[in-house]
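Taking it in order: structure first as structure tokens, then the write-up.
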Amino acid sequence: PAAPLADSMTSHNPPPAATPLTDSRPMTSPTPAATPLEEKPAHGEEMLKKLLKREEDVIVKGKGDEFVQQYCKEVKIILQAANDNERLANFSKLQPPFLNNGTKSAKIVRFKTGFPGQSIFGEYTLGIFGGYKAALVQTEQGSDCRSLIEATIGLFSNVSFIIGVGVAYGISRDKTKLGDVLISDKIACLNNIKIDKSDSIHSPDPIQEVKDKLHAHFCTASNRFINKFACTEDTSPRYSKAHVGCIISGNFLVDNEEIKSRLSENAREAIGGEMEGHVLMEIMRKRNPCPFQAIIIKGVCDYGDGTKEKQWQLTAALAAVEYTHLRLEPTDGNLFPTVPVAVIADNITATSMTVS
């Protein structure tokens, strides 16, 4: 359903006319909007320290390691993070990996690698996520993530799904709360936008609706997800809900209510926005047939209106990871034939961290 724009719009000096917005500069307000963030997030420094400590407990291997080489062939899901909070949140649910032949790793595995002819390198964390063999990678933000994502697809040759799990801004406080989870059934790729003489923002790219097995799996059961976590302000629990809808994606950081409203004119049904989804959609469009499917699942950490602060990023990312992990548990239906549930249960140890 269409989400109304927030009512508390403030007036700012408009950007120069006919200026293409194709770079990653922030679209920020000269002064912060008056509306404060709703409340303190549930997860602060203590959770951050706990996650950082857990992330240290890995086995570091080389790309040429026999276990790593075989596991790379068996990976079915790539989890993409674009900042430290997103990476830590995804890592919190990983379990030590195992191979189809029964070989187990005592700990989560990490390796780094470069790519021939390219000046990039990737750091990958290998483990079980829900019921599936996964690789977690942290990319750059926005369009700068493209090179590493394409290289990653080549490295994990049998990957079936790429899931961008992290944080986003919400379009309206009336529809989404901080910590709620947004799931993309459509992506409005607003990367090639221009501002006309009347200061209206236009995009020539159509909204891309994706109907595939991955989206059907994640979008049809969102009403089953209500994630409870403790709030730091009082003892009352706070609830995170999941919302399916159109997500705006472009190579710019939105932190201005007026700009956000004008961007939303190109996607009136949008429920939120982020910076990496358009890259996944463009990569998929260029591959015909495309061997993998992709989806964006992100928690609301701000409203892109000038009140942007990083204090909600970890909580929002953890909420998105919690939803993604829930839908990838073996008991929630298989996306594709995989290792039998009994084998997964025998190999996974109860070391994952919950959001609350």
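Residue indices begin at 1 and follow the sequence shown. Just so it is clear, the values below take in all heavy atoms, side chains as well, and ignore hydrogens, waters and symmetry mates.
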Any salt bridge linking K50 with E45? Criterion: basic side-chain nitrogen under 4.0 Å from a carboxylate oxygen.
no

The criterion is side chain to side chain contact (heavy atoms under 4.5 Å, CB included); which residues satisfy it with D185, sequence neighbours excluded?
C219, V244

Test item: I171 and I248 side chains (from C-beta on) under 4.5 Å apart, heavy atoms
yes

Measuring only between side-chain heavy atoms, which start at C-beta, is T103 closer than 4.5 Å to F98?
no

Taking the side chain as every heavy atom from C-beta outward, state whether E123 and F111 have any atom pair closer than 4.5 Å.
no

Scan the side chains in residues 60-69 for donor-acceptor partners under 3.5 Å anywhere in the protein, sequence neighbours excluded, and list what turns up.
| residue | atom | partner | partner atom | Å |
| --- | --- | --- | --- | --- |
| D65 | OD2 | F67 | N | 2.9 |
| D65 | OD2 | V68 | N | 3.2 |

Aromatic centroids of Y169 and Y303 separated by under 6.0 Å
no

Hey, does the side chain of Y323 reach the backbone of D180 with a donor-acceptor pair shorter than 3.5 angstrom?
no

Scan T125, V109, V75 and name whichever one has a side chain to side chain contact (heavy atoms under 4.5 Å, CB included) with P97.
V109

Tightest non-hydrogen contact, residues E150 and I283, listed as CG-CD1, 3.7 Å

Counting only heavy atoms not in E140, do more than 12 fall under 6.0 Å of its CD?
no

Under 6.0 Å between ring centres: does that hold for F161 and Y132?
no

